[in-house]
Every structure is written in C-alpha cells, then in structure tokens.
> 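Here's a structure for you.
Order of the sequence lines sets the chain letters (A, B, ...), proteins ahead of strands, with each chain counted from 1.
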Amino acid sequence: MSFEPKNSAVKWVEHRLPIIGMLHHALYEYPTPKNLSYWWTFGSLAGVMLVVQIVTGVVLAMHYTPHVSMAFDSVEHIMRDVNYGWLLRYMHANGASMFFIVVYLHIFRGLYYGSYKAPRELLWWLGLVIFLLMMATAFMGYVLPWGQMSFWGATVITNLFSAIPVVGEHIVTWLWGGFSVGNPTLNRFFSLHYLLPFIIAGVVILHIWSLHTNGSNNPTGLDVKDKQDTIPFHPYYTVKDLFGLAIFLIFFSVFLFYAPNYLGHPDNYTPANPLVTPAHIVPEWYFLPFYAILRAVPDKLGGVTLMFGAIAVLFALPWLDKSRIRSARFRPVYKMIFWIFVLDCVALTYLGSKPPEGMYIYYGRIATAYYFIHMLILLPLVGLLETPKPLPASISEDVLSKKPVAQEAGNA
Amino acid sequence: MLKLITSLSIAALVSLTVLGSAQASEGAIELKSGNFKHGGLFGTYDRAAAQRGLQVYREVCAGCHGLKRVAFRTLMDLGFSEDEVKAIAASYEFTDGPDKDGEMFQRPGKPFDKFPSPFANENAARASNGGALPPDLSLIAKARHDGDDYIYSVLTGFEDAPAGFEVPEGKHYNAYFPGHNIAMPPPLSDDSVEYSDGTKATLDQEAHDVSVFLTWAAEPKMEQRKQTGLKVILFLLVLAGIFYAVKRKVWSDIH
C-alpha cells in the first residue's frame with residue numbers, strides 16, 4: 001500500500017521532496033491497532049485544540065495591545081467593537097480550558113493503558129514536555145488581559161522563583177524586568193505567549209514521529225503481531241476521530257455560547273490594581289491540583305520543590321512502574337489504585353480552589369502525600385507483587401473473543 | 001462508546017459540582033434573585049426594563065459612577081431609535097480638540113462617544129466620596145459572582161445593622177455587600193425617578209431595572225452569542241449524526 005503517485009506534477013514534487021508520500025504514510029497508511037476505543041480520540045482532539053488556539057490567538061493579537069494602561073481596554077474593545085471579537089476571545093479563553101480537559105484525559109488514558117512503557121518512554125516524555133509548555137503558555141496568556149487575577153496571579157507565580165536559595169530574588173527581578181510585575185513583564189509574557197505555541201507544534205511533530213515509530217498502544221496493551229491486528233489509519237480512524245471531534249465541539253460550544261465565564265474568575269473583569277489585593281488569589285482550574293500541592297508544604301522552597309516534583313515524577317514513571325504488562329485491564333490491583341489516584345487528583349483540584357485554612361490544609365497534605373505515595377511506593381510495589389490476569393494471544397484474538405459477548409449485552 | 005460517554009458525563013458533572021461549590025462558597029452570602037428574563041438558554045434582555053434602567057443610571061448612579069466602556073450608539077441594541085440615541089448623546093458635553101488654532105473646545109456628545117465619567121480622575125473621585133472610589137459600572141455585572149443578582153441584592157440590601165455590629169463612621173450597613181460595610185449611602189428609594197412609561201418606581205423596580213441595564217452594559221453581545229450558539233450546536237448535532245453513520249458504514253467490514 002505504499003505511495004505511488006500517478007499525477008505527473010505530484011511525481012515531480014515527490015522526486016524532489018517526498019513530503020506527500022510522508023503525509024500519505026502518516027495519515028493514510030499508518031497501520032493502527034484495530035481495537036482502539038474512543039479514549040484514543042483525545043490525542044487528535046488535542047491537536048485540533050492547538051490549531052484552534054493558534055488561529056484565534058493570531059487574530060486576537062491583531063487587536064490586542066500589550067501595555068499596562070491599554071491591555072484591559074483593548075480586550076474590552078475586542079469584546080465590544082471588533083466583529084465577532086466576543087466569539088474569538090471566548091473561544092480562545094474557553095479553548096485553553098478545553099485543551100487542558102482533552103490533554104488531561106489523554107494523559108490519564110496513557111496512565112491506564114500503560115502507554116508510557118517501553119518502547120514508548122520518549123513518546124511519553126515528549127508529551128510531558130508539551131504539557132509543561134502548555135502550562136507556561138496558559139499562565140502567560142492569562143496575564144495578558146491585565147485584570148486583577150492576571151496581575152496577582154503573575155505576582156504569586158513569578159514569586160515562586162524567589163524560593164531558590166541565594167539567587168532567587170535576582171531571578172525574580174530578571175523575570176519581571178523590573179522590581180515588580182509591570183509593563184516589561186506584560187510585554188515579555190505577550191512575546192512568549194505568542195512564541196510557545198509554535199514550539200509546542202514542533203514538539204507535537206516529534207511526539208507524532210515517535211508515536212509512529214513504534215505504533216499506537218491499544219486497550220489490550222499487547223504489541224501488534226501481524227497484519228490481522230491493524231487497519232489503515234484512513235478511513236477507519238479519520239472518521240472515528242471526526243465523530244469524536246463533533247461530539248467534543250458540542251461540549252465546547254455549551255461553554256463557549258452559554259457559560260463563557262463559568263471557568264474564569266470575576267475578579268479578572270476588574271482592571272489590574274497593584275494597590276488592591278483580591279480576597280482570594282486562585283489560579284485557573286487546570287492549575288489547581290498543583291496549587292494544592294504547592295500550598296501543602298508550610299515552607300516556600302519545599303512547596304515549590306514538591307510542585308515541580310509532582311511533574312518531574314511523571315518523567316520517571318516508565319521506570320517506577322515495574323509491571324511488564326501495559327494495560328490495566330489485566331492488572332486488577334493497578335486498576336484499583338489507578339482510580340484512587342484519579343480521585344486523589346480530583347480532590348487536589350477541589351482543595352486547590354479552597355482558602356488554605358482550617359481542615360483544608362490537612363486534607364491538602366493528605367492528598368499531596370497520597371499523590372507521591374502512589375507514584376513512588378504503590379506503583380513499584382504493585383508492579384512487583386500483583387498477579388495479572390491471563391493475556392490474550394493477540395489483539396485480533398481479543399477482539400474476536402469479545403464479539404459475541406458484546407452482542408449479547410447489546411440485545412439484553 | 002456508551003460507556004465512555006457515561007463515564008465522561010459523570011466526570012463532567014462531578015467536576016462541575018466541585019468547581020461550582022468551590023466558587024459558590026467564596027462569596028458566602030446568598031444573594032436574592034432578581035427574577036431576570038435574560039437568564040437561561042433563550043433569555044433576552046427585557047428592553048423596557050433596560051431602558052428604565054438607563055434612566056435610573058443617568059439620574060441617580062451617574063452622579064458618582066462612570067460607564068466609560070459603553071458607547072451611546074450601542075444603546076440602539078436596547079430599542080432606542082437613532083434620533084433618541086443622538087438626543088441622549090447630545091445631552092452630555094465633551095471636551096474635544098485641539099482645533100486648528102490649537103485650542104480645546106466644548107461640543108455636545110455624538111453617538112460614537114462613550115458615557116463620560118463623573119470625576120476627572122481617581123483622586124477627585126475619592127476626595128468627593130470620603131476616600132472611597134465608586135467603581136466604573138461598565139463591567140460590574142461580570143466582575144462579581146452572579147453579577148445581576150448581586151447588583152439587585154446590594155441596591156435593595158440596605159438595612160439597620162444587627163445588634164452588636166459595628167458600622168464605622170461614613171459607612172452603611174448592607175446585607176449583601178462583602179463585609180457589610182459599604183461606603184455608598186442607599187442610592188435608591190421609592191420614587192427616586194419618575195418613569196415615563198408609567199411603571200411604578202418602587203425601590204425594588206428601580207433596582208431590578210438598573211440591574212438589567214448594567215448586565216447588558218457588561219455583556220452587550222449576549223443575545224447574539226446565544227443565538228449563534230443554538231445554530232452552531234444544531235449544526236454540530238447533524239454533523240455528528242452524519243459522521244456516526246459514515247463511521248458505522250466504514251467500520252462494518254471490520255466487525
């Protein structure tokens with residue numbers, strides 16, 4: 001099924017730059033396990049969201065002014081005077097949340113089915129790099145409207161670097177471009193906010209390259225054995241992903257058109273004021289778990305270390321998980337601790353939104369401790385001690401064995 | 001597929017409840033509902049109420065509060081005719097210039113102008129208000145949780161402080177203002193304005209009307225947004241149906 005162009009113009013190009021053949025190979029022939037569930041749609045959805053963010057962002061940048069005395073007004077100008085400016089801005093602001101929803105589901109899918117294990121460690125790492133770049137981009141993007149939460153969020157987060165011994169204060173001054181968050185900070189955040197998405201796009205290409213080198217994981221976690229196990233990406237997965245995309249866009253639209261400010265914070269509709277601190281400084285929802293971990297430690301440096309450690313530990317995951325079986329389907333104990341871990345992350349999100357007082361502090365510490373216990377203790381131990389369920393011989397066998405059962409369930 | 005949708009819906013519900021409760025508890029004080037017509041999927045701004053609300057703003061609130069992001073021309077969204085908008089604009093004086101001799105001059109407002117603010121700058125505003133700054137109202141409905149209910153509640157929430165509650169000099173007790181001590185004296189009472197459409201100007205009515213007007217001022221594109229959303233979602237439902245049918249067809253030889 002290799003690519004053999006008939007059109008002479010295509011042949012001419014292909015002889016000089018085999019790009020069409022490469023795309024054909026990646027998007028058409030790419031042999032994909034035939035049993036991928038809809039959980040595998042979130043990767044392509046994340047790609048779509050990156051494009052949505054870049055396209056809306058480029059147009060917004062045409063109307064936005066990165067200056068402390070004009071940024072807020074220019075955003076309101078977009079909302080009120082620019083044709084469909086409200087649509088662009090709400091799409092971009094909610095799009096960031098949607099991007100994170102999709103990427104979080106994509107990451108948890110990887111955790112459940114052991115997609116980080118050999119030979120996909122680099123693929124996993126590249127995904128984590130994308131995640132880190134996304135967090136930096138989203139944080140700086142939230143600063144741009146220059147509302148109260150923009151300003152104070154920027155102040156709190158940049159101040160984290162002051163926890164670094166000796167040079168911390170100097171680093172913070174260097175990041176700010178002054179002695180407080182101000183115009184130089186806004187300008188560089190705008191510049192970087194525009195730059196990073198294109199770097200993300202570059203890492204996405206590496207991510208897909210790495211994916212296509214060993215092929216997609218699948219719900220059984222088994223390696224592809226022969227041609228019986230795979231189907232070409234197009235038309236099977238293109239159409240499946242398109243259906244998933246349409247459903248996802250409906251979900252996106254509900255927020256975009258009917259609750260565009262639900263995921264935001266009202267304080268950010270008040271222009272930034274360095275003299276008035278908001279009652280609660282809360283980051284956007286997608287940072288809340290990490291915010292909870294940060295605040296769980298009474299020591300600033302300790303909190304920052306733990307927060308970055310929460311992500312760093314994910315890089316070590318392929319070696320912390322000692323089980324050679326990928327999919328949680330055949331790992332009864334891992335499946336259980338996986339879902340407890342999911343609950344723990346939900347709990348951290350909730351606790352991150354709460355003021356750090358009373359019992360919330362203790363709950364936050366318990367949830368933080370469990371996060372690391374899961375990663376550093378349970379994962380290696382379960383991998384060593386657990387008795388897995390018997391594995392099917394191949395992907396095809398698994399698909400065929402489930403067929404009659406699925407039909408029965410459908411008829412019942 | 002069904003399993004995935006179910007689990008995702010449950011996850012979405014749980015997280016929305018978690019987020020919602022997290023946000024709701026911040027405000028702590030439960031607001032009164034203004035029973036507005038602009039809520040819900042199809043809600044639109046009550047034009048008559050918004051027009052009356054504009055009157056309340058101009059005759060009462062505008063003494064201290066600006067509305068600097070709202071252009072007169074946009075008032076046509078509320079059902080005012082072009083001539084009415086021109087008349088409203090012309091009732092304000094604007095400093096313009098410099099003219100060809102380099103002099104600044106006064107001229108009546110035009111539809112493209114925005115509402116002038118009552119004070120020249122923040123210090124002037126504070127000096128006239130016992131040190132407190134009356135906020136610009138252009139975005140107030142979006143700058144507070146449940147902004148429409150919040151405005152309505154605060155405007156109707158002035159009452160005697162409960163026994164033992166200390167109200168400092170120059171402040172007023174308000175049941176819905178965070179901390180309860182508000183610098184603004186009760187701005188509205190029965191018959192603060194005389195409505196030209198014959199509506200009885202009770203405190204409750206005035207508060208309701210100006211809340212509608214300020215909600216529109218903060219989110220003037222809401223109706224267009226909801227209408228667009230309906231079309232987009234209907235289109236996507238059809239599109240999803242088509243993709244699903246094609247997917248079934250394409251995959252039929254695999255199963």
> Can you find a pair of side-chain heavy atoms, one from W251(B) and one from V239(A), that are under 4.5 Å apart?
yes
> Identify which part of S253(A) has an atom lying under 4.5 Å from any heavy atom of chain B, answering side chain, backbone, both or neither.
both
> At a heavy-atom distance under 4.5 Å, which candidate from K68(B), E219(B), M222(B) has the highest pair count against chain A?
E219(B)
> Can you tell me if NZ on K86(B) sees more than 12 non-hydrogen neighbours from other groups inside 6.0 Å?
no
> Strictly below 4.0 Å, N to O, side chains only: are D241(A) and K247(B) in salt-bridge contact?
no
> Can you tell me which of G244(A), P266(A), P235(A), A246(A) forms the most heavy-atom pairs within a distance under 4.5 Å of chain B?
P266(A)
> Checking I242(B) against chain A: side chain, backbone, both or neither under 4.5 Å from a heavy atom?
neither
> Would the number of heavy atoms belonging to other residues, nucleotides or ligands and lying under 6.0 Å from CG of N83(A) be above 12?
no
> With side chains defined as the heavy atoms from C-beta onward, is the minimum distance between T74(B) and R80(A) less than 4.5 Å?
no
> Around atom NZ of K110(B), are there more than 12 heavy atoms from other residues, nucleotides or ligands closer than 6.0 Å?
no
> Give a yes or no on whether Y363(A) atom OH has more than 12 heavy-atom contacts from other residues, nucleotides or ligands under 6.0 Å away.
no
> Where on V254(A) is there a heavy atom nearer than 4.5 Å to chain B: the side chain, the backbone, both, or neither?
both
> Dump the intermediate steps for salt bridge (Lys or Arg N to Asp or Glu O under 4.0 Å) on D267(A) and K142(B), then the final yes or no.
CA-CA 8 Å; D267(A) 277 15; K142(B) 288 207 300 200; over 6 Å; no
> Against chain A, label A217(B) side chain, backbone, both or neither, depending on which of its atoms sit under 4.5 Å from a heavy atom there.
backbone
> Decide yes or no for V232(B) and F252(A): does some side-chain heavy atom of the first lie under 4.5 Å from some side-chain heavy atom of the second?
no
> Within a strict 4.5 Å, meaning less than it, do heavy atoms of the R69(B) and F72(A) side chains meet?
yes
> Taking the side chain as every heavy atom from C-beta outward, state whether F251(A) and L236(B) have any pair of such atoms under 4.5 Å apart.
no
> Looking only at heavy atoms, which two atoms of Y258(A) and L230(B) are closest? And how far apart?
OH-N, 3.1 Å
> Find the one option among L87(A), D73(A), N268(A), L256(A) whose heavy-atom pairs under 4.5 Å with chain B are most numerous.
D73(A)
> Hey, what do you get for OH (Y236(A)) to CG (D253(B)), rounding to the nearest 0.5 Å?
3.5 Å
> A side-chain contact here means heavy atoms from C-beta on lying under 4.5 Å apart; do Q224(B) and Y84(A) qualify?
yes
> Please classify the contact between R248(B) and chain A as side chain, backbone, both or neither, with a heavy-atom cut-off of under 4.5 Å.
neither
> Taking the side chain as every heavy atom from C-beta outward, state whether V246(B) and K240(A) have any atom pair closer than 4.5 Å.
no
> Mind listing the closest non-hydrogen atom pair of R225(B) and P260(A) along with its distance?
NH1-CD, 3.3 Å
> Taking C-beta and beyond as the side chain, do T270(A) and L139(B) meet within less than 4.5 Å on heavy atoms?
no
> Which atom pair, heavy atoms only, marks the closest approach of F243(B) to L242(A)?
CD1-O, 3.5 Å
> What distance do N35(A) atom CG and I254(B) atom CD1 have between them, rounded to the nearest 0.5 Å?
11.5 Å
